[in-house]
Amino acid sequence: MKQLEEKRRVLVANRLDLSQGLGKHVVLEGLQLALFLQEDGSIHAIENRCPHKGGPLSDGIVSGQHVFCPLHDWKINTKTGEAEGGDNGCVRVFEVELSGHDVYVWLDDESNSLFL
């Protein structure tokens, strides 16, 4: 029988430190994350590494729910983590929770193993 994965909520940022149209790089327990504040006030958290050549997505150009990798312009959906526009690949997406101005990301045991 497979054991249920246990998730834990970890504080990663203050909502007031995020700006629409700009990514924010966050290092969390060895994980490289990119946070993106959306027009509707929601926040998306994804792996900060383009699936193509590892470019830092937090430095990319943001357009709505998409970020364009600063290295080769791959279009990544910040909600689903999927590459779009003819590119193939995906990045890990993390569940985000807001509590007042505190931004939390939910991690599981597999999260750390993906970034080592």
Side-chain angles (χ1 to χ4, degrees):
M1 173 184 266
K2 185 177 180 181
Q3 237 181 351
L4 292 176
E5 291 181 16
E6 189 171 322
K7 290 190 174 187
R8 56 195 164 88
R9 185 175 83 151
V10 182
L11 180 64
V12 293
N14 183 307
R15 159 61 184 82
L16 300 175
D17 293 335
L18 303 177
S19 300
Q20 287 181 18
L22 297 174
K24 178 163 179 70
H25 177 229
V26 175
V27 179
L28 175 65
E29 298 180 15
L31 305 176
Q32 302 285 327
L33 303 180
L35 302 178
F36 299 96
L37 174 63
Q38 301 299 302
E39 289 180 9
D40 66 2
S42 66
I43 298 171
H44 299 161
I46 61 174
E47 175 183 0
N48 191 32
R49 186 176 188 281
C50 179
H52 178 228
K53 295 282 185 176
L57 295 175
S58 60
D59 293 341
I61 295 173
V62 179
S63 177
Q65 288 193 155
H66 298 93
V67 61
F68 292 84
C69 178
L71 296 184
H72 299 102
D73 208 32
W74 273 41
K75 182 180 181 181
I76 307 296
N77 185 306
T78 63
K79 186 173 183 176
T80 66
E82 295 289 327
E84 298 181 357
D87 297 321
N88 294 311
C90 66
V91 295
R92 178 103 190 254
V93 175
F94 296 86
E95 181 182 351
V96 175
E97 180 182 325
L98 288 174
S99 179
H101 293 299
D102 292 334
V103 180
Y104 293 90
V105 171
W106 286 89
L107 300 179
D108 57 39
D109 292 336
E110 293 181 11
S111 297
N112 286 334
S113 65
L114 294 174
F115 295 87
L116 298 177

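Numbering of residues begins at 1 and proceeds along the displayed sequence. Please read these numbers as outputs of a predicted model, since none were measured by experiment.
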J.: Taking 4.0 angstrom as the limit, do Lys53 and Asp87 come out as a salt bridge?
T.: no
J.: Table please: side-chain donor-acceptor pairs of residues 72-81 below 3.5 Å, with sequence neighbours left out.
T.:
{"unit_1": "His72", "atom_1": "ND1", "unit_2": "His52", "atom_2": "ND1", "d": "3.4"}
{"unit_1": "Asn77", "atom_1": "OD1", "unit_2": "Lys79", "atom_2": "N", "d": "2.7"}
{"unit_1": "Asn77", "atom_1": "OD1", "unit_2": "Thr80", "atom_2": "N", "d": "3.0"}
{"unit_1": "Asn77", "atom_1": "ND2", "unit_2": "Glu84", "atom_2": "OE2", "d": "3.1"}
{"unit_1": "Thr78", "atom_1": "OG1", "unit_2": "His44", "atom_2": "ND1", "d": "2.8"}
{"unit_1": "Thr78", "atom_1": "OG1", "unit_2": "Gln65", "atom_2": "O", "d": "3.1"}
{"unit_1": "Thr80", "atom_1": "OG1", "unit_2": "Glu82", "atom_2": "N", "d": "3.2"}

J.: Are Val91 and Phe94 connected in the hydrophobic side-chain network, where two residues link if heavy atoms are under 4.5 Å apart?
T.: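 Val91 and Phe94: separate clusters.
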J.: Which ILVMFWY residues are connected to Tyr104, directly or by a chain of links, through side-chain heavy atoms under 4.5 Å apart?
T.: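 In the cluster with Tyr104 are Leu11.
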J.: Mind checking the CG-CG spacing from Asn48 to Leu28? Nearest 0.5 Å is all I need.
T.: 12.5 Å
J.: Using every non-hydrogen atom in the two residues, find where Cys50 and Cys69 come nearest and quote the distance to one decimal.
T.: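 Result for this residue pair: CB-SG, 3.6 Å.
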J.: Could you work out, with side chain to side chain contact (heavy atoms under 4.5 Å, CB included) as the rule, every residue matching Ser19, not counting sequence neighbours?
T.: Leu22
J.: If I compare all heavy atoms of Ser58 with all of Phe36, which pair ends up nearest, and what's the gap?
T.: CA-CZ, 4.3 Å
J.: Considering residues at least two apart in sequence or located in another chain, which fulfil the side chain to side chain contact (heavy atoms under 4.5 Å, CB included) criterion with Lys24?
T.: Asp17, Leu18, Val26, Leu35
J.: If every non-hydrogen atom of Val10 is compared with every non-hydrogen atom of Glu29, which pair is closest and at what distance?
T.: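 So the minimum-distance heavy-atom pair works out to CG2-OE2, 4.1 Å.
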J.: Mind checking the NE2-CD1 spacing from His66 to Ile61? Nearest 0.5 Å is all I need.
T.: 14.5 Å
J.: Could you walk me through whether Val62 and Val67 pass the side-chain contact (heavy atoms from CB on, under 4.5 Å) test, one step at a time?
T.: CA-CA 4 Å; Val62 179; Val67 61; 4.2 Å; yes
J.: Does any part of the side chain of Pro70, heavy atoms only, come nearer than 4.5 Å to the side chain of Pro56, both counted from C-beta?
T.: yes
J.: Specify the closest pair of heavy atoms between Gly54 and Leu71, including all atoms of both residues, with the distance to one decimal.
T.: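 Here Gly54 and Leu71 meet closest at C-CD1, 4.5 Å.
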J.: Applying the 4.5 Å side-chain criterion to the ILVMFWY set and letting contacts propagate, would Leu57 and Leu31 be lumped into a single cluster?
T.: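 Looking at the clustering, Leu31 is in a separate group from Leu57.
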J.: CG/Leu107 to CZ/Arg9 distance, rounded to the nearest 0.5 angstrom?
T.: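 Nearest 0.5 Å value for the CG-CZ distance: 12.0 Å.
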J.: I'd like to check the side chain to side chain contact (heavy atoms under 4.5 Å, CB included) partners of Val93; sequence neighbours left out, ordered by chain and number.
T.: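 With neighbours one apart ignored, the set is Ile46.
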J.: Can you name the side chain to side chain donor-acceptor pair (under 3.5 Å) partners of Arg15, sequence neighbours left out?
T.: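 With sequence neighbours excluded, Arg15 shows a side chain to side chain donor-acceptor pair (under 3.5 Å) to no residue whatsoever.
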J.: If I take atom NZ from residue Lys7 and atom CG from residue Asp108, how far apart are they, to the nearest 0.5 angstrom?
T.: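 The distance works out to 6.0 Å.
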J.: For Asp40, enumerate each residue passing the side chain to side chain contact (heavy atoms under 4.5 Å, CB included) test, keeping only those at least two apart in sequence or located in another chain.
T.: Gln38, Ser42
J.: Tell me which pairs pass ring-ring contact (aromatic ring centres under 6.0 Å, His included) where either residue lies in residues 7-33, with sequence neighbours left out.
T.: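 For residues 7-33: none.
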